[in-house]
Amino acid sequence: MTFVTVIHMEYLNHIDMKIRKCMVYFLGLSILFIIWRLSIIETDVEKLQFLKDTLYLNKEQLQLSHQQLVLIEHLYQTKLGKEQPMVYAVTPTYTRYVQKAELTRISQTLALVPNVHWVLVEDSDEKTDLVRNLVSESNLLVTHLAAKTPTYEKLGEKDPRWKKHRGVEQRNAGLKWIRANLDPNKDKGVVFFMDDDNTYSVKLFKEIAKVKKVGVWPVGLVGGLNAEAPIIDQQTGKVSGYRSGWKADRPFAIDMAGFAINLELILAKPHAEFSYKMEKGYQESEFLSYFTTKDELEPLADNCTKVYVWHTRTEKPTVKGIIKGLEV
Ligand code: UDP
Ligand code: MN
């Protein structure tokens with residue numbers, strides 16, 4: 001009996017040892033596996049960092065343009081999972097005394113936004129040197145285009161602003177470029193119409209990046225009030241109407257600077273564009289109707305309680321003389 005018990009105990013000890021050994025092996029292997037995985041991730045990041053540094057150091061020899069480097073940088077951020085969707089900011093612009101000042105102001109705002117692709121469209125037959133120089137000095141990712149407003153649609157010197165549609169040709173040219181060059185399977189982003197004379201907070205771009213379909217927010221200094229703003233139903237959290245001093249009953253009483261549309265939607269509705277045929281002041285409403293309903297709008301900027309963009313207008317300067325050789 002005792003003999004049997006001793007054998008039994010020894011057998012149990014033996015099994016116990018085996019299990020312990022197995023556990024030690026298993027633990028060892030698990031630790032090795034974790035170290036191996038970590039080293040893979042680590043080298044991946046290091047490899048990308050190295051690749052990026054090498055590209056920047058050798059950009060002259062590689063003949064890489066600044067635009068290509070910015071794109072590589074964006075891809076790199078995407079790989080690291082830090083990416084924000086790209087904001088495609090479409091800006092109509094035209095030659096006048098204040099143009100360089102306006103473009104300097106907004107390009108320097110955009111320089112503070114990491115995930116922006118500026119689609120800058122000149123109202124002219126050809127791209128001008130003034131804008132070309134500004135673009136190349138900006139260090140931004142820019143697509144520079146030209147699309148001239150037909151003469152009969154152009155505002156006369158003494159016409160009041162509301163008499164003609166402004167920016168139609170240029171915004172449509174921007175949309176055309178976006179639709180021809182971006183792929184819904186590869187490119188993720190949001191499209192925003194960014195007039196050259198407004199004032200934009202950097203905070204606005206963080207809001208735009210959140211847009212799933214169509215996002216809206218208040219715009220300061222427009223529509224005859226201190227701000228035009230969507231009204232949010234506290235129960236449903238949805239947009240129930242609009243506060244505006246001018247035709248608040250429009251289907252979407254929202255300024256051009258008060259909404260952004262996901263790139264996927266822009267690409268899915270290739271015929272949606274702006275038109276001279278639209279009633280004055282109805283460009284935004286008619287364009288938005290292609291994509292969404294009031295019920296689906298996504299209220300942003302802290303539930304439409306914050307103003308991050310202002311519809312500022314620059315006074316036309318009185319210029320009585322020109323200093324030759326000075327680009328202003
Ligand atoms: N714009 C243009 N060509 C023109 C007039 C305006 O390209 O003949 C552009 C302008 O630079 C701006 C946008 O269209 O980015 C809207 O014009 P504006 O600011 O004059 O319109 P408002 O703010 O009064 O609606
Ligand atoms: Mn304006």
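Counting convention: from 1, in listed order, for ligands and their atoms alike.
A salt bridge is absent between E327 and R132; no separation between the charged side-chain nitrogens and carboxylate oxygens falls under 4.0 Å. Of the charged side-chain nitrogens involved, none lies within less than 4.0 Å of a carboxylate oxygen, so that R105 and D196 do not count as a salt-bridged pair. Under the 4.0 Å criterion applied to side-chain N and carboxylate O atoms, D159 and K164 are not assigned as salt-bridge partners.
Between T199 and T312, the side chains place a donor N or O and an acceptor N or O closer than 3.5 Å (distance only, hydrogens not considered). W118 and T143 form no side-chain donor-acceptor contact under 3.5 Å, judged by distance and modelled atom types alone. Looking at H165 and Q283, their side chains do bring a donor and an acceptor atom within 3.5 Å of each other.
An N or O contact shorter than 3.5 Å is missing between R171 and ligand 1 by distance.
For W177 and H144, the ring centers sit 6.0 Å or farther from each other. Checked against the 6.0 Å centroid criterion, the rings of F259 and F192 do not qualify as a close aromatic pair.
Taking the Mn ion (ligand 2) as reference, D197 places its N/O/S atom OD2 nearest.
Relative orientation of the F274 and F193 rings is perpendicular, given thresholds of 30° and 60° on the angle between their planes.
Close approach to T93 involves these atoms of ligand 1, each under 4.0 Å from a residue heavy atom: 7 (O), 11 (O). Those atoms of ligand 1 that come under 4.0 Å of a heavy atom in Q170, given as number and element, are 7 (O).
The side-chain tip of R96 points at the ring of Y94 from less than 6.0 angstrom away and within 45° of straight on.
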Next item on the list: Go through K213 and I261 one step at a time and tell me if the side-chain contact (heavy atoms from CB on, under 4.5 Å) criterion holds.
Entry: CA-CA 6 Å; K213 286 180 136 189; I261 302 175; over 6 Å; no
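At the top of the distance list for atom 16 (C) of ligand 1, counting protein heavy atoms only, stands D195 OD2, 3.3 Å. Residue, atom and distance of the protein heavy atom nearest to atom 1 (N) of ligand 1 are Y94 CD2, 3.4 Å. Protein heavy atom nearest atom 19 (O) of ligand 1, with residue, atom name and distance: D197 OD2, 2.8 Å. Ranking protein heavy atoms by distance to atom 9 (C) of ligand 1, first place goes to P92 CB, 3.7 Å. The closest protein non-hydrogen atom to atom 8 (O) of ligand 1 is K154 NZ, 2.9 Å. For atom 23 (O) of ligand 1, the closest non-hydrogen atom of the protein is H311 NE2, 2.9 Å. Distance from atom 18 (P) of ligand 1 to its nearest protein heavy atom, with residue and atom name: R161 NH1, 3.6 Å. Closest to atom 3 (N) of ligand 1 among all protein heavy atoms lies D123 OD2, 2.7 Å.
Residue L155 places no heavy atom under 4.0 Å from ligand 1. Heavy atoms of R313 come nearer than 4.0 angstrom to ligand 1 in at least one pair. Residue contacts with ligand 1 leave out T91, since none of its heavy atoms falls under 4.0 Å from the ligand.
Using a cut-off of 2.8 Å, one finds that D196 contributes no N/O/S atom close to the Mn ion (ligand 2).
Of the listed options Q99, K148, R166, R166 places a heavy atom closest to atom 21 (O) of ligand 1. For atom 14 (O) of ligand 1, the choice among G167, A147, A257 with the nearest heavy atom turns out to be G167. Which of L103, D255, D196 comes nearest to atom 11 (O) of ligand 1 through a heavy atom is settled by distance: it is D196.
No part of E102 comes within 4.0 Å of ligand 1, judged by heavy-atom distances.
Distance alone, capped at 3.5 Å, is enough to place a donor-acceptor pair between the R179 side chain and the K269 backbone.
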